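Just so it is clear, the structure is predicted and the values come from calculations on it, not from any experiment. Values below: every heavy atom of this structure, side chains too, minus hydrogens, waters and symmetry copies.
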Amino acid sequence: MNKTLKIRDLTLRDGQQSLFATRMNQNQVDRVLPYYKEAGFYAMEVWGGAVPDAIMRFLKENPWHRLESIHREVGSVSKLTALSRGRNLFGYNPYPESVIEGFNRHAVQSGISIMRIFDALNDTSNIRSTIGYVKENGGIADCCVCYTIDPKFTLRERAKAFWQMKKVPRRIFRTDYFVNKAKELEAMGADMITIKDMAGLVPPRQAAKIISRMKAELKIPIDFHTHCTPGYGLASTLVAIMNGVDIVDTSILNFSGGPAAPSFEIIQLFCNKLGVDTGVNVNVIATINEQLGEIRKEMGDIDNYELPRTFDLTKDTLPPEIDQLFDQAIEFAGKNDEEKLLEATQAIERWFGLPEPNEEVKKAEIPGGMYTNMISQLKQLKLDHLMSRVLEVVPVVRLAAGCPPLVTPTSQIVGVQAVNYVIDENKKQKPYTTKNNQFVSLVKGEYGKTPIEIDPDFREMICGVREETPYNVDNYKKPENPELDQAGDRLLAENEKEELLLDLFPQVATTFLQELKESEYRAMIHEEEMKKVEAHLAEKAAFDKLSDEEKKKRLLDGLYSYNWSTDD
């Protein structure tokens, strides 16, 4: 175990995205930045993910301005981190290299130190060019290995496969799979590796195996990222620390737990007992948490959880029975006693008032967002009674599609298609009668290589082709960039940063930029009119000070276009 541990704070990106639909506005972000500057986290994830889209769509704010303002305040203290999906960036289909290069160049120039890069299929070729662009511009390439688990088939599905003489793979995503992916990325030039468990599905025992192997076989730092949805997050993070991980991802208490990451305060308490130095100034953490609590109250309409217990690391003490749980958790982690470790860590989170584990997600062993989206899809059709069958079908659909990891966006693609599969069954139609476009693209090969080969017969049935067919970026068409009549004939996108917003978020950015330019134009016209009024009043004030004789003389000489002798 290392005696020093770096902390990447996720509060301002992943934390608010996981819990509050990315609704923090610029004013709310600005309020906590001075305290973050004092805290001195190794890194802060503040951009990428849903941030650019959400703040344009819902808050009418400029994503580039968001990043630049945070960088001005804390960029000299903490490394700022963004999240993107390699060649796909924020979309589904791969982008031309010009767009990938431009985005990464401007992201680094605008304040990003660490670009966290992942691919939904763990296809490392989709990450290669981004590594180069980030490093060329002086950034750190943080390359992710997305954690996922093997499909879990019911006895019914296994029997069905047996009678159809089909093999059901038992183990695909072993420890070797994740370690080998990390080695590929290290060889490509990755500066660090993140084990990215976006669904919170990695149990402590598996986390220990992966981290200990990576630490032994890789030369670059390892970061551990997980969520708390099914209840593993805190325990697995503790195990990661005890197995020598270099960096862990946390959120401040009021933005932690449940669908979000483990709490920094709880991790710090564990580190205190382990003699591990995080380098964070804990004196200011309670102030940050207090501010975040106030911000949560302002976002009450989208907050589905109770505020956790207030806890100040500098003055509050744990009750003896809770303090003992921390000691027991460390003991059980050291003994690899997963069951008792989870009991202890979940009891700790319960005392802090953090959300309880989602038992449905834990049982289904799929991401929480995927689960809720499938439920929502079925409810809209008044077919939610079919959810148990959908859960049985998820492994079937996933296996047929090459067993993609269940991460964004492949988890949603598989989930939607599993619902379609069951709807087809319910209508007495053949499975895959109803196909969503993204599923067709996935099976065709447009998103990249899947972990296992797709049956050519299945690909032909879904896509009409037997061979894997990569996406042709030559088909990419840049969005239109018209002149805006209502904005004084200004271009919709007037610089490369704005053009990139159009490339990456065509519909949302078009609306945002149009409203922005029209608003700026109206403000400019108003300002010009106000200047005319001010000049008019100044002229009148000077005229009023003249003698009557001088007024008449000037009026006769035509020095004024307006007859000031009349009433205004």
Original post:
Which of these passes side chain to side chain contact (heavy atoms under 4.5 Å, CB included) with E265: L313, N254, D312, V282?
Top reply: L313
Original post:
What about F103 and F90, are their ring centers closer than 6.0 Å?
Top reply: yes
Original post:
Could you go step by step and tell me if K478 and D503 meet the salt bridge (charged side-chain N to carboxylate O under 4.0 Å, His left out) rule?
Top reply: CA-CA 6 Å; K478 286 188 72 69; D503 282 316; 2.9 Å; yes
Original post:
Can the ring centroids of F311 and F352 be said to lie less than 6.0 angstrom from one another?
Top reply: yes
**OP:** Among residues two or more places apart or on two chains, list those pairs meeting ring-ring contact (aromatic ring centres under 6.0 Å, His included) that have a residue in residues 11-31.
**Re:** F20-F255
Original post:
Looking at R490 and E494, does any basic side-chain N land under 4.0 Å from a carboxylate oxygen?
Top reply: yes
Original post:
Q17 versus L10: any side-chain heavy-atom pair under 4.5 Å?
Top reply: no
Original post:
Does the T372 side chain pair with the main chain of G368, one donor and one acceptor, at a distance under 3.5 Å?
Top reply: yes
Subject >> Side-chain ion pair, E186 and K181, N-O less than 4.0 Å >> reply: no
Original post:
How many angstroms lie between atom CG of N481 and atom CD of E498, to the nearest 0.5 angstrom?
Top reply: 8.5 Å
Original post:
With the threshold set at 4.0 Å, does a side-chain nitrogen-carboxylate oxygen contact exist between K6 and D246?
Top reply: no
Original post:
Can E515 and K60 be counted as an ion pair, charged N to O under 4.0 angstrom?
Top reply: yes
Original post:
Going by atom types alone, do E499 and N495 pair a side-chain donor with an acceptor below 3.5 Å?
Top reply: no
Subject >> Pair E97-Y133, side-chain hydrogen bond (donor to acceptor under 3.5 Å, both in side chains): steps then yes or no >> reply: CA-CA 10 Å; E97 290 299 311; Y133 297 137; 2.7 Å; yes
**OP:** Would you indicate whether the side-chain heavy atoms of F58 and R23 approach each other to under 4.5 Å?
**Re:** yes
**OP:** In plain terms, say whether K196 and D223 are close enough for a salt bridge, that is, a side-chain N and a carboxylate O under 4.0 Å apart.
**Re:** no
**OP:** Could you tell me which residues satisfy salt bridge (Lys or Arg N to Asp or Glu O under 4.0 Å) with E290, sequence neighbours excluded, listed by chain and number?
**Re:** none
Original post:
Are any non-hydrogen side-chain atoms of V245 and I195 less than 4.5 angstrom apart?
Top reply: no
Original post:
Are the side chain of T450 and the backbone N or O of P404 linked by a donor-acceptor pair below 3.5 Å?
Top reply: no
**OP:** Step through the shown structure and confirm whether more than 12 heavy atoms of other residues, nucleotides or ligands are within 6.0 Å of CZ on R128.
**Re:** no
Subject >> Reported CD1-to-CD1 distance for the pair I100 and I117, which is rounded to 0.5 angstrom >> reply: 11.0 Å
**OP:** Output yes when D191 and K135 qualify as a salt bridge under the 4.0 Å nitrogen-oxygen rule, no when they do not.
**Re:** yes
**OP:** Give a yes or no on whether a salt bridge exists between E298 and R31, defined as a side-chain N under 4.0 angstrom from a carboxylate O.
**Re:** yes
Subject >> Note, C146 side chain near D119 side chain (heavy atom, < 4.5 Å) >> reply: no
**OP:** In plain terms, say whether D249 and R8 are close enough for a salt bridge, that is, a side-chain N and a carboxylate O under 4.0 Å apart.
**Re:** yes
**OP:** Classify the angle between the aromatic ring planes of W64 and W47 as parallel (below 30°), tilted (30 to 60°) or perpendicular (above 60°).
**Re:** tilted
Original post:
Would a 4.5 Å heavy-atom cut-off, applied to side chains only, mark P63 and M56 as touching?
Top reply: yes
Subject >> Pairwise side-chain contact, F439 with N437, heavy-atom cut-off 4.5 Å (strictly under) >> reply: no
Subject >> Distance (rounded to the nearest 0.5 Å) between Y232 OH and H227 NE2 >> reply: 16.0 Å
Subject >> Q486 vs Y521 side-chain heavy atoms within contact, under 4.5 Å >> reply: no
Original post:
Going by heavy atoms in the side chains, are V46 and T81 under 4.5 Å from each other?
Top reply: no
Original post:
Taking atom CD of E520 as the centre, does the number of heavy atoms from other residues, nucleotides or ligands within less than 6.0 Å exceed 12?
Top reply: yes
Original post:
How many angstroms lie between atom CE of M192 and atom CD1 of I114, to the nearest 0.5 angstrom?
Top reply: 5.0 Å
Original post:
Looking at K449 and E468, does any basic side-chain N land under 4.0 Å from a carboxylate oxygen?
Top reply: yes
